[in-house]
Amino acid sequence: MSVFMDLNLIYTGDRTGLRTLLETAAHLGFSTVAINYVFEPTSKKKQEIPTPTPINELIDHLPVVQGRSRPIRVLNRLTVVMSDSSHFRPNATEYRSFDLLAVQPTTEKLFHAACMLYDVDIICISVSEKLPFFFKRAPVNGAADRGVVFEVSYSAAIRDSTLRRYTIANAINLMESCKGRNVILSSAAEKALELRGPYDVTNLGLLFGLSDGDAKEAVCSTCRSVLLHAETRKTASGIIYTMRSCSDSAGQEGAPGDPEHGDPPAAKRHKLVLTQ
Amino acid sequence: MRPRLVSDVSSVGRYLLCEVIVSDRSRLLLLDDRAIAIAVKATVARIHGDYGAALCSVGFSVKYLNAHTGIVFLRMPKRCYKLLWSALPFITSIETRGEKIQCFLNCLHVGGTIRTCQKFLIRYNTQQLHRMLPKCKNEEEKQQVSQALLNCTLVGGTDEAFEDELRSEEDEEECLPNMP
């Protein structure tokens, strides 16, 4: 049972472009995608954190996933590119409106902090430069214990030969310390033609130093655990979750736990149903 | 089962069933086997260098292309198909008849024989039909499509003739109808 996910589609203002992107992703067989809003603070002036556009405003009719009868699930994700520790503000209310939260540290110190301290779901590995530091075992293992995963995106590698070298070098560098676990592969695609099918991505994992099994996990089960981790961020240890009952947010904004049903995992809520 | 002769072993391959995805479907008709083979070989050489190019020159071929649906069968030697496959995602365009078609290959299935790929393809195409049918604009169009489907018959006739044809692995295009 494999459900493929691509947790990084770059948000562009272009509605039709985004629609074709979602349609292509559904055609390729991705059942869950996340629209990524990149936020890059500069030290000069304070910038606004982007607010996610609701999915039903972006696209009125969600395409049906290849091989399934459900429409594709679309989540929102924020990526904060950090070059200074003040850029990530824990407890910022703006972060709450996103389903997934990611950081992209640029220095070793920030990488260490992101692995051990920050309450995030994903740590992005830069693809536009050769990272100036090695991944040490301690922070990488710490991240694995906390359920934070590392993300390698491949569309830059498709675009350009130099970026391909950086991507592969950084990815292999990472795989040496994390031994292939807690890694997800995602596209970071802006255009529909930069996406790749799930089997191709799995095989591409071989170039990034992943074994067959790990590469498969990097597009299915690790992504699922990211979604579950994102849910625990919103809730009290993943047990109690409060929401306003008047809102009609059943489909998209519901807990991003189960990739297939759109509603929370059966095991967690089952008892509640019985007692009602 | 018939034991394999030694000479068979050298020809063991893997068949990759790929779909060419383009933004404008009408441009698919420009494609031909040679253009795809050239694009794949060039990309493998770009990604894996001389070693890849050498592997690609033995036992790699484009077995089948359906320009209407954009389906391609690629044959690769079994011992290095993963290496060759890992170069396929880096294809961004195929040059044919002086034009560059922006596209990418999406692998749908990997099979040990053409036959398993063909079975998969038939199932896949049926599935595509079910995906497309709700897009019909009105009831009349739907009727027309289903009528056209019912009128389809296999050229090969009975199932047995069909299998014989496959064993010889000669005339693959005959045995690849769009619908079951």
Side-chain angles (χ1 to χ4, degrees), chain A residues 4 6 16-17 19-21 23-30 61 63-72 153-165 167-168 171 185 187 189 191-212 215-216 219, chain B residues 14 16-25 27 40 42-49 52 69-72 74 76 80-94 100-111 117 120 123-135:
Chain A
F4 300 114
D6 187 349
T16 44
R19 187 175 303 148
T20 41
L21 199 59
E23 271 164 12
T24 317
H27 178 81
L28 291 175
F30 290 107
H61 184 73
V64 176
V65 179
Q66 178 81 260
R68 285 168 207 282
S69 47
R70 283 178 228 289
I72 192 168
S153 50
Y154 58 82
S155 76
I158 288 167
R159 260 178 252 146
D160 183 72
S161 153
T162 328
L163 294 182
R164 187 179 308 144
R165 285 175 199 185
T167 310
I168 295 177
L185 294 173
S187 67
K191 284 175 281 181
L193 287 181
E194 286 170 357
L195 278 169
R196 291 296 179 264
Y199 298 109
D200 289 315
V201 177
T202 311
N203 199 56
L204 201 60
L206 296 184
L207 284 190
F208 295 153
L210 289 165
S211 71
D212 277 350
K216 185 142 191 281
V219 275
Chain B
R14 280 282 178 269
L16 263 70
L17 170 61
C18 296
E19 187 185 20
V20 184
I21 297 184
V22 289
S23 40
D24 178 13
R25 282 192 77 89
R27 307 196 70 190
V40 171
T43 314
V44 170
R46 196 151 48 88
I47 303 293
H48 297 302
T69 52
I71 296 290
V72 185
L74 302 177
M76 290 173 179
C80 59
Y81 81 97
K82 284 202 165 158
L83 190 89
L84 297 187
W85 182 12
S86 68
L88 291 189
F90 297 105
I91 295 176
T92 51
S93 61
I94 293 175
K100 248 192 182 170
I101 302 178
Q102 299 288 329
C103 66
F104 70 93
L105 292 181
N106 172 32
C107 181
L108 301 170
H109 182 78
V110 182
C117 287
F120 179 88
R123 217 170 56 224
Y124 180 78
N125 280 335
T126 322
Q127 205 183 314
Q128 295 313 300
L129 213 60
H130 289 305
R131 276 170 68 88
M132 284 174 200
L133 268 181
K135 285 186 187 162

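Quick caveat: nothing in here was measured; it's all calculated off a predicted structure.
Going from atom OG of B:S93 over to atom CG of A:L193 covers 10.0 Å, rounded to the nearest 0.5 Å. Expressed to the nearest 0.5 Å, how far CD of B:Q128 lies from CD of A:Q66 amounts to 4.5 Å.
Residues satisfying the salt bridge (Lys or Arg N to Asp or Glu O under 4.0 Å) criterion with A:R159, sequence neighbours excluded, are A:E194.
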Exercise. Could you go step by step and tell me if A:L28 and B:I21 meet the side chain to side chain contact (heavy atoms under 4.5 Å, CB included) rule?
Worked result: CA-CA 10 Å; A:L28 291 175; B:I21 297 184; 3.6 Å; yes
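For chain A, the nearby part of B:L105 is the backbone; its heavy atoms alone come within less than 4.5 Å.
Among the candidates B:C18, B:P89, B:C107, the residue making the largest number of heavy-atom pairs closer than 4.5 Å to chain A is B:P89. Taking B:E19, B:H109, B:K82 one by one and counting their heavy-atom pairs under 4.5 Å with chain A, the maximum is reached by B:K82.
Evaluation of the side chain to side chain donor-acceptor pair (under 3.5 Å) test over residues 197-211 of chain A, restricted to residues two or more places apart or in two chains, returns A:D200-B:W85, A:S211-A:D214.
In this structure, A:R164 and B:I47 have side chains that are in contact, with non-hydrogen atoms separated by less than 4.5 Å. At least one side-chain heavy atom of A:L207 sits under 4.5 Å from a side-chain heavy atom of B:H48. With contacts defined as side-chain heavy-atom distances shorter than 4.5 Å, the pair B:Q102/A:K191 does not qualify. At a threshold of 4.5 Å between non-hydrogen side-chain atoms, the residues A:I158 and B:T92 count as touching.
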